[in-house]
Amino acid sequence: MLRRLALALTLPLAAAPIATAQMASLADKTRALERIDGFVPMYWDAGAGKLWLEVRRFGQEMLYINSLPAGVGSNDIGLDRGQLSGERIVKFERIGPKVLLVQPNYGFRAVTDNPDERRAVEQSFAQSVLWGFKVEAESDGAVLVDATDFVMRDAHDVVGAMRRTGQGTFRLEPSRGALYLERTRGFPRNTEIEATLTFLSDNPGRFVRAVAAAAEAVTVRVHHSFVALPEPGYKPRRSDPRGGYFGISYADYATPISEPILQRFISRHRLEKKDPRAAVSEAVKPIVYYLDRGAPEPIRTALLEGARWWNQAFEAAGYKDAFRVELMPEGADPMDVRYNLIQWVHRQTRGWSYGSTVTDPRTGEIIKGQVSLGSLRVRQDYLIAQGLTAPFLKGDEKAADAERMALARIRQLSAHEVGHTLGIQHNYISSGQGRASVMDYPHPYVKLTNGRIDLSEAYQEGIGAWDKEAIKFGYQDFPPGTDEKAGLAGLIAAARARGLTFLTDEDARPAGSAHPQTHLWDNGTNIAGELDRMMLVRRVALDQFGERAIPTGAPMATLEEVLVPLYLHHRYQVEAAVKVIGGQWYDYAMRGDGVE
C-alpha cells in the first residue's frame, strides 16, 4: 500500500510540463555593448566592466598565447617586459549550455590517414580543458560567453614566479585589476586581449622591494592572444644534431616498428624562393623584424645594424633581400603576433637578454620572433672598456674608445638574439674556429699595439662563417626533385670540410663542459697561448689603473666598480685552459658520415 501511494505521488510531478528559459539572441544581448571585431569578435560592457567573446569557430584549432607586456623590472625574479609564456593549440567545443576551451595533446600523435589509429592515440593520452564558459546568448550557430574571469586570472603564473624566487606569498586581488582597453584589439587573423592585474603580499621579498612602487602591491599586465594557425604549405624540415637548430618533437605511434617513434623537426620561419631553380632569388615573403621605438640613439642604430647582419647569411643561402629589420611602426602593438620584435627591456639590475619564439607546435614553423635585450648590458661593456683604457687623463674627456666597444658589443648581441629567433642554437666551439659564429658568447678581444691597450677588434663585425652554414641548413630552398635529406647532409659535410662544426650548451656549461674548445666567454684556437696573451693585456691595464679610470666628479669609491671586471678579465680563459688538461675531444656524428 505504501509503495503504491509513493508511486501515485510521483506521477503528477512527472507529467508536469518543464519550463525552459528562452535563450537571448546575440543582437539583444549586445545591443548596448561596444563591438571589437576580429578573429574572435569581442564585446565590451563598460557599465559592468565585462568582456564578452563571440564564439562561432567550434572545433577549429587556433593558437592561444600568454605574454607579459608590462613586467616587474627585476632580472632575479624574471618577470620581464615582453616575456612570452608559451604557445598552445586550442579549440572551442560546445556541449549544451557550456563552451570548453580544449588543448589537444600534440605531444603524442598518429601521423596517418587511418582515423582509427589517430583516435586510439588521442584517447590514450590526456587532453586539457583550459577553461569552461557559460553560453549567455546565441544566434545562427554563434554564441556569446563571458570571458572576464578568463582574462583576469593569473595566466602568466606571477604568483608562482614570486614563490619560486623567494619573494613571498602573493595573491591576485580582483578589486585592483581591470581590462586594459588600449591593448585589447581585434585583427583579421588574431585577437588581442590585455588585463591589468595586481598581486598583494604581506611579506614581499627584497627583489620586489627594490623595484616596485609599493612592494606589497605589485601591478603588471598580462596579455592573451588568439591567433589563426598558419596557412597550409609549410614543409617541416627534419632535425639533425649537427645542424644547430632548436625544434619540436613528438611521439608518432604510426611509425613502422623499424623506425624511431620520436620524430624531430627544426624550428624556422617560412621562407620560399620566388624561383626555386634560381641560384639567387627574391623571397615570396621576406622575413621582417621590427625594433622597439623605445631604444635610444646611438643604441638604436647599433641594434638595427647588428640584426641586419643576418641578411648576409640569407644571401649566402641564395636569397635576395629576404631578411629585413625596420623600426616599429608608430602605434603598432608589440604583442601583435604579426610583428617579429626586437624589444628594449629595462631592469633594476643587469640580466640576460634572450630570443624567444611563437612556434606552431604541429610543424615547428616560427610565427613570431621576439627578442628581449636588457638595456644595462651596453653600460656594463662601457664599464669594462673604461677599466681597460683608463681614458680620463684630465677627467673631462669623452671615452670614445669605450663607447665604440660598447656599441660593437650591442651590435653583436642584437645579431645573437635574433639568431635564436631564427631557430639557431648557441655554438660555443666557434671561438676556437676563428670567431665563426655570433651564436657564441664573445669575450672582448683586447690587443696591445705599441704597448698600449687596443679595442679596435674587441668584437667581430658582420655575420660569422658558421652562421651562413646554419642558415643554409635551415632555410636552403632546394630545386624541385632534389633529395632534401642528401642535400642537407651535403651542406654539413661541406661545412666540416672548412673546419666549421657545432657544439652547444650541454658541451660548454659546467655540468657537461668536457670539450677543450667549447667554453663560454673564451677566445682563440690556442687556449693556453691566449691565456698568456690575455695576462699581458691585464698587466698593462692594471699598471695604468688609477683615478684616471673615472671622470671628474665621480666618487672615488666608484673606482671599485671599474676595477672588478678588469681584475677578473682573465677568469673565463683560465677555466677554458683547465679543460685543455682534463678535457675530451669529440664531435656530433651520424653513422656513415665519415666522422671518427
Side-chain angles (χ1 to χ4, degrees), residues 59-63 86-91 102-128 229-272 276 357 359-367 423-425 469-470 472-496 501-504 506-507 586-596:
Q60 177 180 329
E61 292 184 340
M62 63 188 76
L63 278 176
E87 65 283 289
R88 287 164 281 186
I89 287 182
V90 299
K91 57 185 176 181
V102 179
Q103 179 182 348
N105 194 335
Y106 269 93
F108 306 93
R109 316 180 194 179
V111 182
T112 174
D113 293 331
N114 187 326
D116 295 317
E117 279 192 73
R118 295 197 302 270
R119 188 180 305 110
V121 175
E122 290 168 4
Q123 294 176 355
S124 296
F125 298 96
Q127 300 184 75
S128 296
L229 288 169
E231 298 289 347
Y234 173 79
K235 182 181 179 183
R237 178 159 289 182
R238 291 278 179 183
S239 182
D240 187 309
R242 304 165 297 175
Y245 274 75
F246 298 108
I248 64 162
S249 63
Y250 58 86
D252 180 7
Y253 286 84
T255 57
I257 59 174
S258 59
E259 296 180 10
I261 196 169
L262 187 65
Q263 303 294 303
R264 294 185 175 91
F265 297 87
I266 69 171
S267 295
R268 60 174 183 158
H269 292 265
R270 184 183 303 210
L271 189 69
E272 301 169 293
T357 63
T359 302
D360 185 343
R362 304 169 306 166
T363 63
E365 180 181 357
I366 295 174
I367 299 167
I424 303 173
Q425 292 181 271
E469 299 303 321
K472 289 178 185 176
F473 179 85
Y475 291 89
Q476 180 82 55
D477 197 353
F478 294 102
T482 302
D483 182 336
E484 182 173 282
K485 183 177 180 181
L488 293 173
L491 291 176
I492 292 172
R496 277 193 164 143
T501 56
F502 166 72
L503 290 174
T504 191
E506 294 84 353
D507 310 282
Y586 60 91
D587 198 355
Y588 299 158
M590 308 286 277
R591 183 173 181 179
D593 67 3
V595 176
E596 297 180 358

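- How far CD of Glu365 is from CD1 of Ile266: 11.5 Å, rounded to the nearest 0.5 Å.
- Two residues are said to be in side-chain contact when any heavy atoms from C-beta on lie closer than 4.5 Å; Arg242 and Met590 meet this criterion.
- The two residues Glu259 and Thr255 have their closest heavy-atom pair at O-OG1, 4.0 Å.
- Taking both residues in full, the closest heavy atoms of Pro232 and Arg270 are given as O-NH1, 3.4 Å, listed atom of the first, atom of the second, then distance.
- Proximity of a side-chain donor or acceptor of Arg109 to a complementary backbone N or O of Ala251 within less than 3.5 Å is not detected.
- Nearest heavy-atom pair across Phe502 and Gln425 is CZ-OE1, 3.7 Å.
- Once rounded to the nearest 0.5 Å, the distance linking CD1 of Ile366 with NE2 of His269 reads 4.5 Å.
- In this structure, Glu469 pairs ionically with Lys472, as a charged nitrogen and a carboxylate oxygen lie closer than 4.0 Å.
- Nearest heavy-atom pair, Pro480 versus Pro276, reported as atom, atom and distance to 0.1 Å: CD-CB, 4.0 Å.
- A 4.5 Å side-chain heavy-atom check between Gln103 and Ile89 finds every atom pair outside the cut-off.
- Atom CD in Gln476 sits 10.5 Å away from atom CG in Leu271 (nearest 0.5 Å).
- Between Met62 and Val90 the shortest side-chain heavy-atom distance falls below 4.5 Å.
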Requested in this report: Evaluate the criterion side chain to side chain contact (heavy atoms under 4.5 Å, CB included) for residue pair Tyr475 and Glu272; output intermediate values, then yes/no.
Outcome: CA-CA 8 Å; Tyr475 291 89; Glu272 301 169 293; over 6 Å; no
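- Between Asp593 and Val595, the closest heavy-atom pair is OD1-N, 2.9 Å.
- Atoms OH and CZ, on Tyr106 and Arg88 in that order, are 15.5 Å from each other to the nearest 0.5 Å.
- Looking at Leu262 and Tyr250, their side chains never come closer than 4.5 Å, going by heavy atoms from C-beta outward.
- The main-chain N or O of Ala126 is found under 3.5 Å from a side-chain atom of Asn105 such that the two form a donor-acceptor pair.
- Separation of atoms OG (Ser239) and CZ (Phe473) is listed at 6.5 Å; rounding is to 0.5 Å.
- By the neighbour-count criterion of 12 heavy atoms within 6.0 Å, atom CG of Asp483 is densely surrounded, having more than that number from other residues, nucleotides or ligands.
- Closest approach of Ala470 and Tyr245 over heavy atoms only: O-OH, 2.7 Å.
- Checked against Pro104 for a side chain to side chain contact (heavy atoms under 4.5 Å, CB included), the options Glu122, Arg362, Lys91 give a single hit: Lys91.
- In terms of the salt bridge (charged side-chain N to carboxylate O under 4.0 Å, His left out) criterion, residue partners of Asp587 (sequence neighbours excluded) are, by chain and number, Arg496.
- Atoms CG and CG, from Leu63 and Leu229 in turn, are 5.0 Å apart once rounded to the nearest 0.5 Å.
- Although no hydrogens or angles enter the test, the distance criterion places a donor-acceptor pair under 3.5 Å between the side chain of Asp252 and the main chain of Val111.
- Counting only heavy atoms from C-beta outward, the side chains of Glu87 and Pro361 approach each other to under 4.5 Å.
- Counting heavy atoms from C-beta outward, Leu503 and Tyr586 have side chains that approach closer than 4.5 Å.
- The aromatic rings of Phe125 and Phe108 lie parallel to each other, their planes meeting at an angle below 30°, with 60° marking the opposite boundary.
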Query raised in the report: Passes side-chain hydrogen bond (donor to acceptor under 3.5 Å, both in side chains), Arg238 versus Gln263? Steps please.
Result: CA-CA 8 Å; Arg238 291 278 179 183; Gln263 303 294 303; 2.4 Å; yes
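- Side chains of Asp507 and Tyr588 form a contact here, defined as non-hydrogen atoms less than 4.5 Å apart.
- Residues that satisfy the side chain to side chain contact (heavy atoms under 4.5 Å, CB included) test with Glu484, not counting sequence neighbours, are Lys235, Arg237, Phe478, Leu488.
- Taking the side chain as every heavy atom from C-beta outward, Ile367 and Pro230 approach each other to under 4.5 Å.
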